[in-house]
Amino acid sequence: MLTHDQDGFRRADRPHRIVSGALHYFRVHPDLWEDRLTRLRAMGANTVDTYVPWNFHETAPGKADFTGWRDLGRFLRIAQDIGLDVIVRPGPYICAEWDFGGLPARLLAVDGLRLRCSDPRFEAEVDGWFDLVVPELLPHLASRGGPVVAVQIENEYGSYGNDTAYRAHVERGLLERGVDCLLFTADGPEDAMLQGGMVPGRLATATFGAKPAERLASLRRYQRTGPLTAMEFWIGWFDHWGEEHHVRPVEDAAQSLDELLATGASVNLYMAHGGTNFGFWAGANHSGSRPGDPGYQPTVTSYDYDAPIGEAGELTPKFHAFREIIGKYVPLPGGPLPEPRPRMTPALAAPEGAAPLLAHLDLLAGAPVLRPAPESMEQLGQDHGLIHYRTTITGPRPAMPVKIDGLGDRAYVFADGVPLGILDRNAPDEGLDLPVGAAGVVLDVLVRAQGRVNYGPLLDDRKGISRAVRHGHQHLFEWEIRPLPLADLAALVWSADAPEAGKPAFHRFTHTLTEAPADGFVDLSDWGTGLIWLNGFLLGHYDTPRGPQRTLYAPAPLWRDGVNEFVVLELERPGTELPLRDRPDLGRPTVVDIDY
């Protein structure tokens, strides 16, 4: 058991310092969990920290999946076998640059529901999640011989709110279901954040990346005795589309870590291994202060984070520098360091045909949903993907702008099947001029959703069209709506004909392996923006013109002996080649200024 007294942590009734690294099982292929955890232990960590995303596990209200990639118990057992304690942060909110901060999208369909507060409806949802996840944790608690030594109450709550009743409800929800290990909170080292996030009688910890003595002194004003802990010590940073690739210099990060450990504090490195935002799971930030403001910033597919253990398991210079620092304060494990993982031989995938998206709407979506006005994805029970809206505008009428109110996130607009233009949520006042002849016009709007906002005051981030489409000042009604979650692409019919310019289309490529499957990287430098699948698995989003990321990680377990299939959904500018590389291109690096 992990406990603490006025002096510090104790484990097995001996003084103990936590040297932890964050590593999220949901960002790592399950066949690679052991590999990544072994590398974490080799760096000198004695603990691994992971969030548990509610929306990754929930399959329907009151039901969840804890098998396969979602087998939390297996991840915990592997960590224990390797000799690691585990810190678990089960939410209900996790942030983590993860879609909607881990909350299920369906909550956005409930009119008036207030998130992360003592709204009885939200607390009932939290109770439902804890009913599912806590039984998965109980067998792995340290009190029952497992590796889980600590569990977090919510996550950085003081950055969002100050509802004492809600914090107490979350704490009570864990206790009443049998969580008997150390409970803690984690917040930024500012007065308002600590005041808003702490729970009386529970260990408070801090999240920051620089000036450790100063930040810990802020925490000490509120945590008068007991261990000081940096529960997130940011040793790198994440990237948004449209920015450069953030890195934190090795020397700067190592020096800050040394300064932190020299104070006697415990630490959790965020991230020790970042992994990948596979599928639709990448989140987003927002620099605005009100709904509808520009400033939406979707997170890229890679979550490399400039971590000491790279996205493909690389032991980086930061790994070796950190290992040397950690070895000054806690014993390092013996034995040789893990070997580099095999990489695939560079190659070029072969084109095998295309399939226009608009021509496949009925095959992919089935019969349309009929609604008087546009509705958001969430209102229609859709979590992720694309969504298509169609209506008819009568004519004649002069050219007037087509505008969308409540767009999430990027709309491809067609008039009688001809591309009219693109609208983006970050330009909410823009419109596309459309004249209408006497015969009228069929208006198609295809909306691409990216990550839901995962941090800050604008969490209510609905996808698709949540308010209205207007032609001039006139609201357009009578819509056919087709949700396109893109979970199954088997209905696509491939053609050797090139798709029409300016229209979204799927493109099929194949590559035959002549060697054992190994880690590789798909190079999308020749393409515009869209999604890519390998053997039916969605690797994630790409957006080459905006950058910074130009390759997507394809881990060895996703490859097959023999023929491998890629499907690229290109929305704007199709490429002609699909190179396969043996190293990543995450974009031009820029030093991130971590001064907090």
Side-chain angles (χ1 to χ4, degrees), residues 108-112 284 286-298 357-358 361 365 368-382 385-450 452-453 457-484 502-504 529 571-572:
L108 295 174
V110 181
D111 289 340
H286 204 302
S287 61
S289 58
R290 297 175 301 177
D293 283 351
Y296 172 72
Q297 302 165 306
L357 187 149
L358 294 180
L361 287 175
V369 178
L370 305 181
R371 291 289 188 272
E375 293 186 358
S376 69
M377 280 186 177
E378 294 81 8
Q379 289 174 295
L380 295 169
Q382 181 182 357
L386 282 70
I387 187 167
H388 175 265
Y389 302 83
R390 176 176 288 165
T391 191
T392 299
I393 306 176
T394 56
R397 58 178 69 185
M400 293 184 288
V402 173
K403 293 188 174 184
I404 300 177
D405 301 322
L407 173 60
D409 298 303
R410 191 164 174 86
Y412 301 87
V413 185
F414 305 85
D416 285 336
V418 177
L420 185 64
I422 301 171
L423 296 173
D424 190 277
R425 67 181 287 172
N426 279 333
D429 295 328
E430 288 189 1
L432 300 170
D433 282 347
L434 174 63
V436 181
V441 162
V442 174
L443 185 73
D444 288 287
V445 183
L446 177 69
V447 180
R448 175 195 189 177
Q450 292 192 265
R452 291 180 181 82
V453 171
L458 301 180
L459 287 179
D460 292 31
D461 184 19
R462 291 165 180 83
K463 299 304 180 183
I465 299 174
S466 58
R467 292 199 290 278
V469 180
R470 291 179 286 117
H471 189 219
H473 293 293
Q474 186 181 74
H475 284 239
L476 299 178
F477 292 105
E478 298 181 330
W479 290 89
E480 298 177 5
I481 308 176
R482 294 172 175 85
L484 297 165
K503 290 190 176 182
T529 184
L571 297 170
E572 297 181 19

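Note that the structure is a prediction, hence the values are computed from the model and not measured.
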Identify the two heavy atoms, one from [X] and one from [Y], that lie closest to each other, and give their separation to 0.1 Å.
{"X": "Ala415", "Y": "Val441", "result": "CB-CG1, 3.8 Å"}
{"X": "Pro374", "Y": "Trp479", "result": "CD-NE1, 3.4 Å"}
{"X": "Val453", "Y": "Leu459", "result": "O-CD2, 3.4 Å"}

Short question: side chain of [X], backbone of [Y] - any donor-acceptor pair under 3.5 Å?
{"X": "Lys503", "Y": "Gly417", "answer": "yes"}
{"X": "Asn426", "Y": "Tyr296", "answer": "yes"}
{"X": "Arg470", "Y": "Leu476", "answer": "no"}
{"X": "Thr391", "Y": "Phe477", "answer": "yes"}
{"X": "Asp416", "Y": "Val442", "answer": "yes"}
{"X": "His286", "Y": "Pro291", "answer": "no"}
{"X": "Tyr389", "Y": "Gly464", "answer": "no"}

Could you pull out all donor-acceptor pairs under 3.5 Å where a side-chain atom in residues 392-400 meets a protein atom, sequence neighbours excluded?
residue: Thr394; atom: OG1; partner: Arg397; partner atom: NH2; Å: 3.4
residue: Arg397; atom: NE; partner: Thr394; partner atom: O; Å: 3.0
residue: Arg397; atom: NH1; partner: His471; partner atom: ND1; Å: 3.3
residue: Arg397; atom: NH1; partner: Gln474; partner atom: OE1; Å: 3.0
residue: Arg397; atom: NH2; partner: Gln474; partner atom: OE1; Å: 3.3

So does [X] pair up with [Y], basic N to acidic O under 4.0 Å?
{"X": "Asp405", "Y": "Lys403", "value": "no"}
{"X": "Arg452", "Y": "Asp460", "value": "no"}
{"X": "Glu478", "Y": "Arg390", "value": "no"}

Q) Among all residues two or more places apart in sequence or in another chain, which pass the side chain to side chain donor-acceptor pair (under 3.5 Å) test with Glu572? A) Arg410, Tyr412

Q: Could you walk me through whether Arg467 and Ser376 pass the side chain to side chain donor-acceptor pair (under 3.5 Å) test, one step at a time?
A: CA-CA 8 Å; Arg467 292 199 290 278; Ser376 69; over 6 Å; no

Q. In Å and rounded to the nearest 0.5 Å, what is the CG to CG distance from Leu420 to Asp444?
A. 11.0 Å

Side chains of residues 427-438: which donor-acceptor pairs under 3.5 Å do they make with residues two or more places apart or in other chains?
none

